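First up is the structure itself, then whatever we jot down about it.
Proteins come first, then strands; the chains are lettered A, B, ... in the order of their sequence lines, and each starts at number 1. Quantities reported herein were computed from a predicted structural model and do not represent experimental measurements.
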2 protein chains.
Amino acid sequence: MLHFLFRFGLLKFNMSQITIVDLAETLGLSKSTVSRAFRDSNDISAKTKARILAKAEELGFSPNLYASSLRGNRSQTIAIIIPEFGNKFFSQAIKGIELVARSKKYHTLIYVTDHNVKNEASIVRSLVNGRVDGVLISASGEGKDHSHLQALVDHNIPTVFFDRSYDDFRGHFVTGNDFESSRLATQHLIDNGCKRIAYLVINQNVSIGKIRMDGYKRALEDNRIAFQEELVLDTENDETENKAAIRNLIRTYRPDGIFASVERLAISAIRVAQEENLKIPDDLKLICFSCLDITDLLNPSLSVVKQPAFDMGKQAANFLFQSLDKPTEMVEQQTTLLESSLIFQDSSQRIRISKKN
Amino acid sequence: MLHFLFRFGLLKFNMSQITIVDLAETLGLSKSTVSRAFRDSNDISAKTKARILAKAEELGFSPNLYASSLRGNRSQTIAIIIPEFGNKFFSQAIKGIELVARSKKYHTLIYVTDHNVKNEASIVRSLVNGRVDGVLISASGEGKDHSHLQALVDHNIPTVFFDRSYDDFRGHFVTGNDFESSRLATQHLIDNGCKRIAYLVINQNVSIGKIRMDGYKRALEDNRIAFQEELVLDTENDETENKAAIRNLIRTYRPDGIFASVERLAISAIRVAQEENLKIPDDLKLICFSCLDITDLLNPSLSVVKQPAFDMGKQAANFLFQSLDKPTEMVEQQTTLLESSLIFQDSSQRIRISKKN
DNA sequence: GTGAAAGCGCTAACAC
DNA sequence: GTGTTAGCGCTTTCAC
């Protein structure tokens with residue numbers, strides 16, 4: 001009785017204290033019946049269900065998430081783990097993921113590792129105790145030790161990688177057809193007269209760094225241009241350092257073309273070129289991976305490999321929900337490649353294309 | 001016994017089934033003692049605690065989130081609700097929020113409303129049953145009906161708005177000094193010879209739309225320029241429609257300056273100007289709110305009001321955690337204004353500033 | 001400093 | 001189709 005009064009008292013100030021028991025009492029039903037009204041149960045008559053839902057709406061009640069998760073061992077939550085937030089690729093991908101998740105009535109946790117594998121590991125560790133039902137992740141860097149991923153396997157948490165993966169990860173991976181795009185981008189530079197093409201890579205040991213380099217190398221081979229280690233610049237996560245390294249590369253090895261594996265390295269390259277009084281594309285041609293939607297407004301307009309970020313997010317999420325729906329079917333290692341578009345603009349072309357024509 | 005075997009069987013495949021009971025048995029302790037090891041309890045000896053934590057680490061155990069949340073009525077989770085993901089402002093703000101949250105060992109849920117108040121309402125409704133301890137939100141649009149926010153109040157969920165708020169929201173709000181920035185931006189256009197300045201607004205009824213317009217109006221007044229309703233364009237969420245409306249505005253009313261309250265409207269304006277063969281800044285001067293970090297690389301370089309997005313996210317999160325730490329202290333309506341920077345570049349200036357000089 | 005026991009709100013057998 | 005009941009894994013009095 002005291003309990004009831006207490007609850008009743010609270011009610012006035014904090015409706016979150018309503019439970020199915022309260023609802024059941026109000027309606028003269030049992031709590032199981034009320035519970036059934038909120039599940040997809042067909043052990044309940046349509047009228048009763050309607051009556052319960054109406055009352056719930058009236059009282060602003062919805063079932064306590066933690067109680068049902070504890071009971072049912074489901075969290076209705078997934079996690080996204082990404083290395084950074086700096087570019088349109090990730091915001092678009094997240095948008096796609098969140099869209100799919102919401103359509104499935106799932107909630108989405110977001111984590112940013114800042115390209116730090118240690119952070120990635122600690123985040124993963126914080127997820128495996130039931131916090132999430134599944135994980136979408138874009139790998140954060142090299143690190144020989146990916147044992148933190150094992151925890152996801154051990155706890156049967158379906159995991160899908162997107163864009164960036166680890167070599168030793170076995171499971172679903174959704175990414176772009178980066179090898180081919182990189183080959184074509186490099187070929188394009190060659191077609192436009194480049195002989196000394198530098199490759200700017202974010203991290204040679206993470207999948208995209210390596211695969212994009214492979215495409216680059218293949219294009220060189222195809223054209224009997226010798227691969228030169230000096231023209232490959234493996235960068236860090238710091239813009240100032242990167243600019244210095246690019247400046248050094250430009251001064252020392254005088255590339256006539258640059259293929260940048262990520263957008264921000266291309267931006268740094270543009271800035272360095274300006275400072276070094278090099279004209280793009282006349283002195284230096286440039287193409288990069290980017291999902292920026294205003295490359296046409298840059299000066300010069302920027303040639304890019306544009307990944308289908310939004311679709312990649314959606315696809316990755318769809319695969320994840322497939323695994324969640326049928327947890328029994330173990331998905332074998334499987335990689336899905338989505339087509340990127342190559343957009344050739346002024347930054348990479350020998351003959352300037354006039355905009356108005 | 002059967003139960004034990006079952007659990008033991010599961011153990012081999014799914015470590016998530018370890019509980020404090022298992023840990024307690026293994027160590028010959030009671031589950032309450034084990035539980036205390038994971039809280040900030042001082043009812044436990046340092047050695048016992050260390051022994052428990054070591055074993056937990058060894059077994060890859062961490063306490064079940066849902067059980068403790070159910071028991072303790074805390075979720076260690078906050079939500080971010082934003083209208084869109086399209087620009088750097090939000091990605092930077094989220095980055096700031098996530099950083100603070102992680103430092104507090106909180107998890108961060110992300111929701112995108114796509115500028116739809118209905119979505120916002122349904123998201124909020126899905127949060128009030130204990131899912132989160134607090135909410136950070138940037139308002140999604142007008143809508144006369146903000147009753148969904150009342151649910152947050154009713155359920156005692158601390159809420160902080162950032163960047164965009166509703167007039168009728170009483171509580172903490174962290175935003176930029178938009179009135180002053182807008183006044184100065186408009187004044188700057190006037191100083192550069194503009195007499196017919198159009199104002200492009202995302203939504204006149206959401207706080208930023210209105211306040212930025214107030215700053216714009218003030219600058220007009222200060223310079224005895226009559227405010228003209230026709231020069232204000234209230235836009236929708238669709239780029240094609242917006243471009244058509246901007247084109248119509250330009251053709252019909254021939255503004256010589258544009259002040260855009262958000263970046264994407266400025267981008268649309270640039271595109272329309274190109275199509276209409278208007279030169280920026282010669283025929284049309286332009287300044288806008290934007291957090292883009294490559295405005296200097298645009299053609300022409302874009303004059304902007306740049307908000308401290310990252311700091312805004314951090315501040316908003318800090319205020320939220322203040323409320324979470326002392327739930328008793330009811331925070332009165334309070335607005336925190338952060339200083340934006342005005343960056344005047346070529347798009348708005350009469351005299352072209354040569355880059356190399 | 002540690003253990004025993006009650007119960008957070010809900011779900012899912014199982015009865016009827 | 002509805003009610004009864006036994007826990008999900010944890011925290012927190014309350015003993016000792």
Which word best sums up how the rings of H107(A) and Y111(B) line up, parallel for under 30°, tilted for 30 to 60°, or perpendicular for over 60°? perpendicular
Protein-nucleotide distance ([X], atom [atom1]; [N], atom [atom2]), rounded to Å:
X: N129(A); N: dG9(D); atom1: CG; atom2: C1'; answer: 12 Å
X: I18(A); N: dC10(C); atom1: CD1; atom2: C1'; answer: 16 Å
X: L70(A); N: dG9(D); atom1: CG; atom2: C1'; answer: 5 Å
X: L65(B); N: dC8(D); atom1: CG; atom2: P; answer: 18 Å
X: I44(A); N: dA13(C); atom1: CD1; atom2: C1'; answer: 17 Å
X: L27(A); N: dG1(D); atom1: CG; atom2: P; answer: 18 Å
X: R74(A); N: dA12(C); atom1: CZ; atom2: P; answer: 6 Å
X: E25(B); N: dC10(D); atom1: CD; atom2: P; answer: 13 Å

Does [X] put a side-chain nitrogen or oxygen below 4.0 Å from OP1 or OP2 of [N]?
X: S30(B); N: dG3(C); result: yes
X: S69(B); N: dC8(C); result: no
X: T48(A); N: dG1(D); result: no
X: S45(B); N: dT2(C); result: yes
X: T33(A); N: dT2(D); result: no

Which of the following nucleotides, dT5(D), dC10(D), dA4(C), is nearest to the side chain of S32(B)? dA4(C)
Given V124(A), which partner from the list L152(A), T113(A), I157(A), V135(A) fulfils the side chain to side chain contact (heavy atoms under 4.5 Å, CB included) test? L152(A)
Would you kindly say whether R131(B) and T77(A) are connected by a side-chain donor-acceptor distance under 3.5 Å? yes
Is there a donor-acceptor pair under 3.5 Å between the side chain of S103(B) and the backbone N or O of V100(B)? yes
Check: T26(B) side chain, D22(B) main-chain N or O, donor-acceptor pair, under 3.5 Å: yes
Please compare R36(A) and S68(A) by the position of their nearest nucleotide in DNA chain C and report the one closer to 5'. S68(A)
Closer to the 5' end of DNA chain D via nearest nucleotide, is it D43(B) or Y66(B)? Y66(B)
Looking across every strand, which nucleic acid part, if any, lies under 4.0 Å from R39(B) by heavy atom: base, sugar-phosphate, or nothing? sugar-phosphate
